[in-house]
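One structure is given here, and the rest of the page talks about it.
In listed order, ligands and their atoms are each counted from 1.
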Amino acid sequence: MEKSDAKKESIMEKLISLAKRRGFIYQGSEVYGGLAGTWDYGPLGVALKNNIKGLWWKRFVLDREDMYGMDAALLMNQNVWKASGHVAGFADPLVEDKKTKKRYRADHLLEEAGVDVKGMNLEAMSKALKEKGIKSPEGNELSDVRQFNMMFKTNVGAMEDESSISYLRPETAQGMFVNFKNVLDSFHPKLPFGMAQIGKAFRNEIAPRDFIFRTREFEQMEIEYFVKPTEWEPVFESFVKEVWAFTKDVGIAQEKVSELPIAPADLAHYSKRTTDFEFEFPFGKKELYGLAYRTDFDLKAHSDASGADLSYFDEEAKVRFIPHCIEPSFGVDRTVLAVLSSAYREDELGGEVRTYLAFTPAVAPVKVAVFPLLKNKPELVTKAREVYSTLRKEISGQVLFDDNGNIGKRYRRQDEIGTPFCVTVDFETIEKDNCVTVRNRDTGTQERISLDTLIAYLKGKLV
Ligand code: ATP
């Protein structure tokens, strides 16, 4: 292993262990040995995730006049997934180890062997595996490449027959297409307009890996933005800019994000143009978000299959047509991982090595921590508690109180969870100047701030 690879790997290990130790992310069902591809968000993880989702909702729904929020059911009529193409085609290319019967992603094995799989169909992958003499990770012969459907199947109701089949949704998108007519009828929006939704999605990934990067249960933030057929291009371009802007909102390192236009041969069945946004994760450059021009594929497919009229009538031009659609799709968990890896820092402060998360204040799970200088001085504790309860009311986001251990240790603990500011009440606060010490996470610098201006000071810094 190259030295830099070892370093990247160790950063990932450090992140995973910090996330667990400090209550961000735990292995799913851990006490039973876990369940592959599932992770549970602890108190700080859920706060981080909610902050990210809040920023997304603000940028894409609240701050716009042309967006309609949604929250569709996870379980949908199986015909939705037949019409969308998922029952027939939502599949990964798989090979089976002929001896152990374990299954692997053929494209991943080929990529690991340095083969560019872009544009390859199943036969081409089978051929390349043979030509390269690629074996399973256990060293055994592999089967030919086959498709494996990634949707979780279930039955709804008491009968377990063909008619009761449903699927846990593999994307949130379809919930919006099937509600297109409802939104048209309730709000009469004019094109262009969009529908937006945040929610869980499930995929039976054959090889869940890289912490919360590839999981079987995850969350998506998706937009279906409807346009006139001739007007998709400028809208696509404007969403490229919006995706970049969102990565900045949440504090993702801009130099680690890049655009990858998808080659025509690799486009999904519904797409005429797709740009992936990639991020340099500690384990390599991988897809963070996708932006796709889905044409009128979905609305048309659901119109045809359901018989519902999903067309739009243009009052000015007096024409009726099926709108085309641009879809920016964001993974919440991949955002969390990109935010965590962008924020992870190790440095030296006051001669001591420290680890901290340089979160942008908007995503930080805890905004401010309040300390009394000494735990055993009731006057300090009372005053600090007073400051704490005022800040809790005034600051939007979590404020913590901590009087455990010495101040240095408390700073380290807050640094490690990315709290931007620590406020300490000392004897001078009470006896002399009515000021507190405000300490900055990134620089370690301390300022005396009057209690009269503390709220305004913090609010100004926390935006
Ligand atoms: P990949 O090629 O990595 O499997 P995809 O192209 O299948 O991803 P999309 O179908 O475009 O992904 O899904 C939209 C977004 O949902 C992705 O950009 C990603 O952020 C997120 N996502 C997809 N699959 C997973 C997963 N298994 N775990 C976590 N997030 C995911």
Side-chain angles (χ1 to χ4, degrees), residues 25 28 35-41 45 49 52-53 56 81 84-86 89-94 104-108 110-111 117-118 120 147-152 167-177 196-224 239-240 243 246-247 250 252 257-263 266-271 273-281 283-294 297-298 325-341:
I25 301 162
L35 176 67
T38 66
W39 294 90
D40 295 343
Y41 285 79
K49 202 154 83 140
I52 287 169
K53 290 193 276 184
W56 188 89
W81 305 109
S84 68
H86 284 82
F90 191 61
D92 270 343
L94 282 199
Y104 300 95
R105 286 270 296 262
D107 51 339
H108 288 172
L110 284 165
E111 274 168 359
V117 296
K118 284 196 186 82
M120 276 192 179
Q147 296 281 16
F148 168 80
N149 196 296
M150 295 163 74
M151 284 197 295
F152 284 99
Y167 302 91
L168 298 186
R169 66 181 182 199
E171 59 175 31
T172 64
Q174 300 303 324
M176 292 182 271
F177 293 123
Q197 142 160 267
I198 300 178
K200 289 263 180 168
F202 302 82
R203 296 182 187 180
N204 198 3
E205 296 277 358
I206 200 65
R209 56 165 131 172
D210 298 323
F211 192 30
I212 50 171
F213 176 80
R214 186 175 300 288
T215 58
R216 291 186 168 135
E217 174 176 344
F218 54 97
E219 257 181 302
Q220 290 184 316
M221 307 180 282
E222 292 196 300
I223 294 166
E224 306 307 326
F239 274 115
V240 168
V243 173
F246 175 71
T247 63
V250 293
I252 290 176
V257 181
S258 52
E259 289 174 35
L260 175 72
I262 303 299
D266 290 323
L267 289 173
H269 61 281
Y270 51 74
S271 175
R273 179 177 168 191
T274 295
T275 294
D276 279 354
F277 288 79
E278 296 194 311
F279 179 77
E280 270 174 48
F281 290 99
F283 43 85
K285 202 184 203 190
K286 296 268 159 70
E287 175 176 336
L288 176 63
Y289 307 136
L291 173 62
Y293 167 41
R294 293 179 79 124
F297 176 86
D298 304 87
C325 180
I326 306 284
E327 178 193 75
S329 178
F330 303 72
V332 176
D333 312 79
R334 286 188 192 177
T335 310
V336 170
L337 189 52
V339 165
L340 279 172
S341 33

Ligand 1 versus [X]: contacting region, heavy-atom distance under 4.0 Å:
X	value
Phe218	side chain
Arg214	both
Arg203	side chain

- Message: Can you name the atoms of ligand 1, numbered from 1 with element, that are less than 4.0 Å from a heavy atom of Tyr289?
- Response: 18 (O)
- Item | Numbered atoms and elements of ligand 1 in range of Gly290, under 4.0 angstrom, heavy atoms | 18 (O)
Around [atom], find the nearest protein heavy atom and jot down its residue, atom name and distance.
atom	answer
atom 14 (C) of ligand 1	Ser329 OG, 3.0 Å
atom 8 (O) of ligand 1	Glu287 OE1, 3.7 Å
atom 16 (O) of ligand 1	Gln220 NE2, 3.2 Å
atom 20 (O) of ligand 1	Leu288 O, 2.7 Å
atom 21 (C) of ligand 1	Gly331 CA, 3.8 Å

- Is the closest heavy atom of Thr215 to ligand 1 under 4.0 Å?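 Flag set, Thr215 near ligand 1.
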- Message: Any heavy atom of Phe277 closer to ligand 1 than 4.0 angstrom?
- Response: no
- Query: Any N/O of Phe213 closer than 3.5 Å to an N/O of ligand 1?
  - Reply: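 N/O-N/O distance under 3.5 Å: yes.
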Using modelled atom types only, decide if a donor and an acceptor are shared between the side chain of [X] and the backbone of [Y] within a distance under 3.5 Å.
X	Y	answer
Asp266	Val117	no
Asn149	Met151	yes
Arg216	Asn204	no
Arg214	Arg209	no
Trp39	Ile25	no
Glu222	Thr172	yes

- Is the NZ or CZ atom of Arg169 positioned over Phe202's six-membered ring, under 6.0 angstrom from the centre and within 45° of the axis?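 Negative - Arg169 is either too far from the ring of Phe202 or too far off its axis.
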- Message: Would you say NZ of Lys285 has more than 12 non-hydrogen atoms from neighbouring residues, nucleotides or ligands within 6.0 angstrom?
- Response: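 Open: at most 12 neighbouring heavy atoms sit under 6.0 Å from NZ of Lys285.
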- Task: Mind telling me whether Phe283 and Phe281 have parallel, tilted or perpendicular rings, with 30° and 60° as the class edges?
- Result: parallel
